[in-house]
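Read through the structure below, which is laid out as structure tokens, and then see the notes.
All values below were derived from every heavy atom in this structure, side-chain atoms included, with hydrogens, water molecules and symmetry-related copies excluded.
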Amino acid sequence: MSPLSELQPLSGADLYAYIDALERPAAFKPTGFSKDIYLDLMEGSIQEYGLEQADMSWGTDPQGCPEDLQTYCRVVSVLAGLMAGGRKLELFPLWESMMETGCRELPRTTGNQMTDFSTKELLLAYKSMKPYVSAEQSVKWKNELARIEPAVNYVYTLASVSGPERLHNINIYNMAGEYLRETEGMTSAAGYLAEHWPVQLRKFDGNGMYMDPGCPLLYDLAARCHIQLMLAAGYRGAYHEELNRKLAAGGMMTLFMQSAAGHFPYGGRSSQFQFNEALAAACAEFEAARYRRQGRLKLAGAFKRSARLSAQAILRYVRDITPPRHVKNHYGIRSGYGTESYAYYDKYMITLGSFAYMAYLFAEDDIAEEPCPAESGGYVLATSEHFHKVFASAGGQSVQLDTAADHRYDSTGLGRYHRQGVPAELALSSPLCAAPEYRLPGGVRSLSAAIGPGWEREDGTAVYLADLSDGLEHELHVIRQDSGRVEFRITYRGQGLPEDGRVTESYALSEDGLEIVSELAVQDAGPILYRVPLFCSNGQERSAITVEPHAAHVALGPFRYTVGATGCSFEIEEEHCGNRNGEYRLAVIRSPGPSLSLRLKLWAEGG
């Protein structure tokens, strides 16, 4: 049985009790990684910049130099971290020249938010390489960086924006940069930080998660990790204890949101990039060190394990393929498939390295790995209503749902089903959306789709839960929480559903797969429909889809995914639709009545 007997989603102190009650299975094996895994990721992140041949002088052709200051300074930081770690030493002259340029250009740049990100990068480079450059050179760079004036050089400060509501995670980046400057005697940041902390602290929810505009999960993590960077560098200001409490609470949420495949959850903008997992690893490494200092070695080990599983999850995209990919698909690196307009390869490939460097700096290799929630399972977790996500894990598998999706990025319903050791995109790693802010190629349709129910209007047109969000209410009921099986039910009511009606989705997750019972409760209810995306391609690999009267099967190499519903008809649409991960065809399943039972299963042949 689960270490918790009450039938409520895990929250607060329950999360700590769960870890305390975990036992190490006899078959448990450490990943074998050391902190050098982050150096591997950093090397992958700079592979395509051609540093050995490139002219990196500022203002040269963008093909020979990153096109913005943020990217440029991240290359400087990552290269410095690699050299301090004993790698890429032959590039020292290039790095020294780039560092010279960054330190000169940053204080001269105004009206460009790239500066808000760049100070932290140059300070990390300065700190790591100060022992290896001449005292004269170090003083010169220090004097240049001392010229930065927040109100002049940054875009996101209280002095620069129209109101406090305009401050968000980018302000925390420049706050981190300012504190790092203080640690090197380049400024006194106390006044700047004291002015901005009260505004930023109001942006955390009750779970310690940071509410950036739209509450995307990645930007919650980005804000918290850069506060962790400040604390790791020695920040002990007036708000230190409150920040520590929020970071601890938010860190536990991130730990339990990790999927069975080791992935960071989907949700909102900048989702499905490799740097998501690098940032999750950084968060977990910081928390592992925190709990080791407190003598809570089991909890420290769970975070250590989570960090290494995060790194492991992205090796197939970074270390095991050439060229490395910055987003979780295998389309051409310049295709932009699955990326927002700001998320081009040059910027977000090096971002992986920048965040992996934070993980490297936080990591303490003498913390032993212990089982973590992503692989132990046996729980249901709900975020606050601001993030509107539900997670469940059992039997080496996990699911994620969105109960009120932002349709620019996601869809309402079950948007993720993962199993350990199976490619994350095979069932579904993120939902499809109708009006994506990210790019899909011509010939690939955009529409709202998750694994979820629909129904027919009187005119015969279909409506799906995936299309709904505004005015939709839900209730979550947990029925069972065992390591081998979890059961829970979500009931939806409100705008978009048939008048006075409700839709109930009951889920049971176990080693045997995922069972779903969907019911449409409305007077004179007609047949219930169900739509399931079936994987076709990730840009490199293609699946084989076969259909039986009451089931569909997807094969990808040795991996298999089956969708079955006895007594229901199956129709597989020919048209390809897409999400960030690749292309899918939709299975439309029709039940003769207002309820439907569905069985989903992921496995590897011979496994």
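- In this structure, Ile19 and Phe256 have side chains that are in contact, with non-hydrogen atoms separated by less than 4.5 Å.
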Side chains of residues 443-451: which donor-acceptor pairs under 3.5 Å do they make with residues two or more places apart or in other chains?
residue, atom, partner, partner atom, Å
Arg445, NH1, Glu575, OE1, 3.4
Ser446, OG, Ala434, O, 3.1
Ser448, OG, Ala434, N, 3.4

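- Considering only heavy atoms from C-beta on, Glu487 stays 4.5 Å or farther from Tyr507 through its side chain.
- Relative ring orientation between Tyr331 and Tyr337 is described as parallel, the plane-to-plane angle staying below 30° on a 0-90° scale split at 30° and 60°.
- Between Tyr18 and Pro373, the closest side-chain pair of non-hydrogen atoms falls below 4.5 Å.
- A salt bridge between Asp459 and Arg457 is absent, with no side-chain N of the basic residue lying under 4.0 Å from a carboxylate O of the acidic one.
- Side-chain contact between Ser518 and Leu598: absent, with no pair of heavy atoms (C-beta onward) separated by less than 4.5 Å.
- Scored by the side-chain contact (heavy atoms from CB on, under 4.5 Å) test, Glu475 finds His477, Arg493 as partners (sequence neighbours excluded).
- Tyr342 and Ser270 share a side-chain donor-acceptor pair at under 3.5 Å.
- With hydrogens and angles left out, the side-chain atoms of Thr339 and Arg580 include no donor and acceptor closer than 3.5 Å.
- Looking at Val327 and Tyr348, their side chains never come closer than 4.5 Å, going by heavy atoms from C-beta outward.
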| query | When you look at Glu456 and Thr461, which way does the side chain to side chain donor-acceptor pair (under 3.5 Å) test go after all the steps? | reply | CA-CA 5 Å; Glu456 292 182 340; Thr461 59; over 6 Å; no
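- Looking at Glu48 and Arg325, no side-chain N of the basic residue comes within less than 4.0 Å of a carboxylate O on the acidic one, giving no salt bridge.
- For Ala223, the side-chain contact (heavy atoms from CB on, under 4.5 Å) test picks out Asn169, Ile172, Tyr210, with sequence neighbours left out.
- Each of Glu370, Glu369, Glu287 was compared with Arg305 under the salt bridge (Lys or Arg N to Asp or Glu O under 4.0 Å) criterion, and only Glu369 meets it.
- Salt-bridge annotation for Arg269 and Glu437: absent, with no side-chain N of the basic residue lying under 4.0 Å from a carboxylate O of the acidic one.
- Side-chain atoms of Thr403 and His388 form no donor-acceptor pair, as typed in the model, at a separation below 3.5 Å.
- No donor-acceptor contact under 3.5 angstrom links the side chains of Gln274 and His326, judged on distance only.
- Listed by chain and residue number, nothing satisfies the salt bridge (charged side-chain N to carboxylate O under 4.0 Å, His left out) test with Asp205 (two or more places apart in sequence, or in another chain).
- In summary, Arg485 and Glu515 engage in a salt bridge, as defined by a charged side-chain N under 4.0 Å from a carboxylate O.
- Of all heavy-atom pairs spanning Ala374 and Tyr379, the tightest one is N-OH, 4.5 Å.
- A side-chain N or O of Ser306 and one of Gln258 form a donor-acceptor pair less than 3.5 Å apart.
- Rounding to the nearest 0.5 Å places CG of Asn538 at 7.5 Å from CG of Asn329.
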| For Gln400 and Ser259, what are the C-alpha separation, side-chain angles and deciding distance, and is it a side chain to side chain donor-acceptor pair (under 3.5 Å)? | CA-CA 8 Å; Gln400 178 186 343; Ser259 84; over 6 Å; no
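- In this structure the side chain of Tyr409 never reaches within 4.5 angstrom of the side chain of Pro431, judged on heavy atoms.
- Taking the six-membered ring for Trp and the full ring otherwise, Tyr561 and Phe535 have centroids separated by 6.0 Å or more.
- Listed by first then second residue, pairs satisfying side chain to side chain donor-acceptor pair (under 3.5 Å) with a partner in residues 311-321 read Arg316-Glu425, not counting sequence neighbours.
- A donor-acceptor pair shorter than 3.5 Å cannot be found between the side chains of His263 and Gln272.
- Judged as a side-chain contact (heavy atoms from CB on, under 4.5 Å), and not counting sequence neighbours, the contacts of Ser597 are Val517.
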| message | Show, in sequence, the C-alpha distance, side-chain angles and deciding distance for Glu505 and Arg489, and conclude whether the salt bridge (charged side-chain N to carboxylate O under 4.0 Å, His left out) test is met. | response | CA-CA 6 Å; Glu505 294 273 274; Arg489 180 175 65 250; over 6 Å; no
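- Other residues, nucleotides and ligands place more than 12 heavy atoms under 6.0 Å from the CD atom of Gln540.
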